[in-house]
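First comes the structure, then the notes that go with it.
Heads up: numbering here begins at 1 and tracks the sequence.
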Amino acid sequence: MQKLEVMQYLNILGLKEEQPSYTFLAKIVRAHVFCFPFENIGKVINFDQNTFQVDALPTLAEFIEQFNQYQFGGTCYVLNSMLNQLLNELGFTSYNIHLGKDHLAIIVTLNGEHIFVDCGVAAPIFTPVRIEKNHMYEFTYNQETIHIRHLSKQNYEFARFIKRKLTEDCWTFSTNPTDPSFIKDMVRRSHQPTATYMSELRCQLWKKSCNMRIRNNQLRIYYPDGTTEKRVFKTSNEIEECVHNEFGFSKLPVKRAISILEASGIHIFQQEDAAKNSIEEKV
């Protein structure tokens, strides 16, 4: 990657380049979480336009260009693969790993220590996790809790709880690098018509004051004091206005993604009852 692209990426994050260190890594992770939306709007549109190959990911230049033009973020495959590339360009030693069959994260090795990084899980993890220092780490926000615990040797478990109930996001992982062909298979599966982020509308953003999540036509705003605001949208205009004005992503082509989903038989305004029952359990 050219130096210009590194500077463009850091500029989006509001950071200046520093020497690799845990302090700099922590700045990058926190900025990344609060800057890029976890969303599948770009995924749906790019797949419809055949922008990238099904088993491929954007280059860093393409990722930066699409954020500047459309404010696309992505799901774990894009966010964590792009961040991994940035870290390598900044002089860190890092690589992608898989959690379970369908989630991608990052391991950074710094001074011989393995550090877990995940900016694509839409969870309250705002810092690099020094998994070798403690047996278990716990991250809690509102009624959501994440446990990352050591199982044996290089093996760990990631578990998400909502209202103290274990969700389907319970994965094991190793600190060993993931084979690139395995990642391609994961990305390819994620574009199947029945895959989660090809069959619904998702947009999530962490703000300093709250956590905003849209799933189909349902909005939940989670506050650190434990309260939750809930809204139901009746039209695509209402959803787009919320994303543009309240999320602050005025360029995200929300209605376009909704139209593509509708054309493929995904009617997000007919899934209200199902979404009511599951939105707080599936993040």
Quick note, ring-ring contact (aromatic ring centres under 6.0 Å, His included) partners involving residues 106-134, not counting sequence neighbours, are Phe34-Phe126, Phe116-Phe173, Phe126-Trp206
Side chain of [X], backbone of [Y]: donor and acceptor closer than 3.5 Å?
X      : Y      : result
Asn216 : Ile268 : no
Asn46  : Gly42  : yes
Arg213 : Ala122 : yes
Glu39  : Ile41  : yes
Asn134 : Met136 : no
Thr178 : His98  : yes
Tyr222 : Glu144 : no
Asn211 : Ile221 : no
Asn84  : Tyr95  : yes
Glu238 : Lys234 : yes

Parallel, tilted or perpendicular for Phe36 and Tyr9, by the 30°/60° rule?
perpendicular
Any chance you could measure [X], atom [atom1], to [Y], atom [atom2], to the nearest 0.5 Å?
X      : Y      : atom1 : atom2 : answer
Leu86  : Leu10  : CG    : CG    : 5.5 Å
Cys76  : Leu99  : SG    : CG    : 9.0 Å
Ser181 : Arg188 : OG    : CZ    : 9.5 Å
Glu168 : Asp102 : CD    : CG    : 10.0 Å

side-chain hydrogen bond (donor to acceptor under 3.5 Å, both in side chains) with Lys3: of Gln8, Glu17, Glu89, only one passes, and it is Glu17
Less than 4.5 Å apart, any side-chain heavy atom of [X] and any of [Y]?
X      : Y      : result
Ile214 : Val254 : no
Pro128 : Arg130 : no
Ile115 : Glu132 : no
Glu157 : Ile148 : no
Leu151 : Thr172 : yes
Val232 : Gln218 : yes
Lys101 : Arg189 : yes
Lys251 : Gln69  : no

Original post:
Will you find, in the side chains of Asp225 and Thr227, an N or O donor that is under 3.5 Å from an N or O acceptor?
Top reply: yes
Looking only at heavy atoms, what is the nearest atom pair of [X] and [Y], with distance?
X      : Y      : result
Ala61  : Glu5   : CB-OE2, 3.1 Å
Cys242 : Leu219 : SG-CD2, 4.0 Å
Asn176 : Ile97  : O-CG2, 3.2 Å
Ile146 : Arg160 : CD1-CG, 3.3 Å
Ser190 : Val187 : OG-O, 2.6 Å
Pro20  : Phe92  : CA-CZ, 3.6 Å

Proximity of [X] and [Y] rings by center, below 6.0 Å:
X      : Y      : answer
Tyr70  : Phe72  : yes
Phe38  : Tyr197 : yes
His244 : Phe249 : no

*Would Glu229 and Tyr223 count as a side chain to side chain donor-acceptor pair (under 3.5 Å) if you check the C-alpha gap in whole Å, the side-chain angles of each, and the deciding distance to 0.1 Å?*
CA-CA 8 Å; Glu229 179 182 340; Tyr223 296 97; 3.1 Å; yes
### Message
I want to check a possible cation-pi pair here: Arg149 against Tyr137, using under 6.0 Å from ring centre and within 45° of the ring axis as the test.
### Response
no
*Evaluate the side chain to side chain donor-acceptor pair (under 3.5 Å) criterion for residues Asn80 and Asp118: first the C-alpha distance (whole Å), next the side-chain angles of each, then the deciding distance (0.1 Å), finally the verdict.*
CA-CA 7 Å; Asn80 282 328; Asp118 194 343; 2.9 Å; yes
Q.
Surrounding CD of Gln19 (heavy atoms of other residues, nucleotides or ligands, distance under 6.0 Å), is the total greater than 12?
A. no
- Near Asn111 CG, under 6.0 Å, is it more than 12 heavy atoms from other residues, nucleotides or ligands? no
From the list Val108, Val33, Leu90, side chain to side chain contact (heavy atoms under 4.5 Å, CB included) partner of Ile28 resolves to Leu90
ring-ring contact (aromatic ring centres under 6.0 Å, His included) filter on Phe139, not counting sequence neighbours, yields none
